[in-house]
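A short worksheet on the structure shown next.
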Amino acid sequence: MHSMDVSRCCSVIFLLACFCFLQQTHSESQSSPRYLQNIDIGSNASNNNERLQQILKGAGAGATQINWPTRSKQGIPDIKTELAKLNTTYIYQNAWPANNVKLGAVTAVSFDKAGNVVIFHRVDRIWGQDTFDNANQYREKYRGPIRESTVLALEPATGRVQYDWGKNFFYMPHGLTVDPDDNVWLTDVAMHQVFKFAPRGAGNKPLLTLGVAFQPGSGKKFCKPTSVAILDNGDFFVADGYCNARILKYSKSGELILRWGQNSFAGVSYDVAPQNYFAIPHALTLVPELELLCAADRENGRVQCFSSRNGTFHSQYHNPLIGDRLFSMAYTPASGGELVIVNGPSAELGIHPEHYNEVHGFVMSMRNRQLVSKFGPNNLEFQNPHDVAVTADGNEIYVAELNPMRIHKFLHKSMAKPMSLSATKEGKSIGDVPAETLAAEVDPSQTAATTTTHHPSGKAVLVASLMLIFSGSTFALALMMARRRKRVQNASN
């Protein structure tokens, strides 16, 4: 009887260990979701499309229905296989920035004239499902502006803070660009405004303000503007982004010169797609040699480029390996002209989306539209990259990420040595994880993933524990059976 009790105990322990292992495996498999968990899995694709159409509604500007071409099923590559073939030409610098840099959700990155890496972050603010009402009105004005510095300049070698500013002014930071004269241009989606500040924020008051505070609209108003790009002569462009889906060009003094773009959501990317239609123009970059302004057409998964003189469509850039969502891009004249691109997690519903998706940075040649390489934290995936900047020589890339709340640095392999395999650092984030949905950027259910980005050793420990428990149980059973046989033999003797 005693041996049977011990045997049962061992069996129970083994079964409990197996259950814990399965639970841990499931948890890890969900730690970096590629779908929107906050949406009912039972919802169908049409409901998803309706929500996206609602996102794209501006004040007086709705999504335009157009006839998109039928997407060809032929020639679609095996995305996972083709991604694995891409070279990795940039090495992750996981010891950057310095350990004392505390960040909220990082929304934008640029460079000042001194070469510092200038970032815009939300400190303790989170863009959640209830942050705006159905009319795009900001619901949390009562909280007042963010009290801490929202703009930080980091030394490119060490990541130490060189200067900071932007206290008690912004409510929901989004875009940041430093112009050739070191002026800083920023957008705030809660305030629905665009601001130009003096170098390093001197004076703590904007030199130029466009839009009406907390009043979304069209015409002279904005509705969640996303990005600014500035020409050498002082003329500038605004991507009026989440609602109006348009691009506007202004003179140096802020007078409107021209505007173009209409709302449209296709749901998938196309090699050949209607021109000048946007589903969230999310970021802007200039290609000076070709006199082009390029825009990240986020939910249509492509880059559209236009003449910076008159807004005429010039070209578009898309690759099926990037997928159907493209959050930002930056231009470098290196290697004959390249676009550095970051995509985003799939917006499709369900645990098994129709289209395979990986979240990486990509380098695309503008000459032949081919992908040159991919990059990510220690050659792994990002979770929610939001913006990207690249130096003129193409040697350094910086990626702003919402969740985890990070600014990443990559060096071209010709300039750097491989770092140790540790994609995350403790103590880098403050506040909660951004909970921006399809209307914004990140899902709130990804909170747990902030500090559990990659844990390759967890399963190994559990497997080893299971093996030890199983071996111990087997040994105990064998020992008991041997003793029992000996007793039977003694009794028969």
Side-chain angles (χ1 to χ4, degrees), residues 32-36 52 76-90 92 106-109 226-227 239 241 265-271 273 278-285 294-304 316-331 338-348 353-366 369-377 379-390 397-404 406 408 410 434 436-438 440-443 446 453:
S32 181
R34 292 290 172 258
Y35 59 94
L36 298 175
L52 286 165
I76 297 178
D78 183 330
I79 303 298
K80 187 172 184 178
T81 300
E82 294 302 316
L83 281 170
K85 294 179 183 178
L86 273 182
N87 293 325
T88 301
T89 54
Y90 286 87
Y92 185 50
V106 187
T107 63
V109 56
T226 53
S227 184
F265 176 74
V268 292
S269 300
Y270 291 83
D271 292 329
F278 299 104
I280 308 179
H282 197 253
L284 300 174
T285 192
C294 297
D297 188 1
R298 197 183 91 174
E299 300 300 321
N300 284 330
R302 58 177 176 166
V303 175
Q304 292 193 69
Q316 81 160 13
Y317 300 84
H318 164 69
N319 190 290
L321 302 190
I322 295 174
D324 295 331
R325 305 182 85 201
L326 192 154
F327 276 67
S328 187
M329 84 269 101
Y331 172 76
E338 293 177 333
L339 290 174
V340 179
I341 294 167
V342 290
N343 65 348
S346 173
E348 296 180 57
E354 178 185 354
H355 305 105
Y356 182 80
N357 171 255
E358 290 184 13
V359 184
H360 294 284
F362 298 90
V363 179
M364 176 182 282
S365 170
M366 290 195 72
R369 293 183 172 88
Q370 297 299 309
L371 292 181
V372 177
S373 66
K374 70 177 187 296
F375 60 91
N379 298 332
L380 301 172
E381 293 186 55
F382 293 104
Q383 290 189 45
N384 291 279
H386 195 257
D387 194 24
V388 63
V390 58
I397 293 175
Y398 297 86
V399 176
E401 190 162 22
L402 296 172
N403 169 33
R406 286 290 308 272
H408 301 274
F410 299 84
E436 303 179 23
T437 63
L438 283 172
E441 288 110 1
V442 181
D443 185 278
Q446 294 180 359
T453 308

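For the atom pair CD (E82) and CG (N319), the distance works out to 9.5 Å, reported to the nearest 0.5 Å. Rounding to the nearest 0.5 angstrom, the gap separating the CD atom in E358 from the CD1 atom in I322 is 13.0 Å. Expressed to the nearest 0.5 Å, how far OH of Y356 lies from NZ of K80 amounts to 4.5 Å. Note that CD of E338 is 11.0 Å distant from CG of L371, once rounded to the nearest 0.5 Å. Rounding to the nearest 0.5 Å places CZ of F382 at 9.0 Å from NE2 of H360. Expressed to the nearest 0.5 Å, how far OG of S227 lies from CG of L284 amounts to 4.0 Å.
For the residue pair I79 and P320, the shortest heavy atom distance occurs at CD1-O, 3.5 Å. Of all heavy-atom pairs spanning V390 and Y331, the tightest one is CG1-O, 3.6 Å. When every heavy atom of A108 is checked against every heavy atom of A400, the shortest pair comes out as N-CB, 4.0 Å. The two atoms that bring N300 and F278 nearest to each other are ND2-C, 4.0 Å, heavy atoms only. The minimum heavy-atom distance linking A283 with M329 is given by the pair O-CE, 3.4 Å. Between P281 and A239 the shortest heavy-atom distance is O-CB, 3.6 Å.
Within the 4.5 Å cutoff, the side chain of Y90 has heavy atoms near those of the V363 side chain. A heavy-atom distance below 4.5 Å is found between the side chains of V303 and C294. The shortest side-chain heavy-atom distance between V342 and V399 falls under the 4.5 Å cut-off. V106 is not listed as a side-chain neighbour of L402, based on a closest heavy-atom distance of 4.5 Å or more. With contacts defined as side-chain heavy-atom distances shorter than 4.5 Å, the pair L339/Y317 qualifies.
Using modelled atom types, one side-chain atom of E381 and one backbone atom of V359 make a donor-acceptor pair closer than 3.5 Å. In this structure a side-chain-to-backbone donor-acceptor pair under 3.5 Å is missing from N87 to T89. Judged by distance alone, the side chain of K374 and the main-chain N or O of L86 form a donor-acceptor pair under 3.5 Å. In this structure, H386 contributes its side chain and T107 its backbone to a donor-acceptor pair below 3.5 Å. One N or O on the side chain of R369 and one on the backbone of Q316 form a donor-acceptor pair closer than 3.5 Å.
In the model, Q304 has a side-chain atom that pairs as donor or acceptor with a side-chain atom of D297 under 3.5 Å. Between the side chains of Y398 and H408, no donor N or O sits under 3.5 Å from an acceptor N or O.
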Quiz item: Between N343 and R325, does a side-chain contact (heavy atoms from CB on, under 4.5 Å) hold up when you go through it step by step?
Solution: CA-CA 6 Å; N343 65 348; R325 305 182 85 201; 5.7 Å; no

Exercise. Evaluate side-chain contact (heavy atoms from CB on, under 4.5 Å) for Q370 paired with M364, printing each intermediate quantity in order.
Key: CA-CA 6 Å; Q370 297 299 309; M364 176 182 282; over 6 Å; no

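A side chain to side chain donor-acceptor pair (under 3.5 Å) with S328 holds for exactly one of T226, D387, T285; it is D387.
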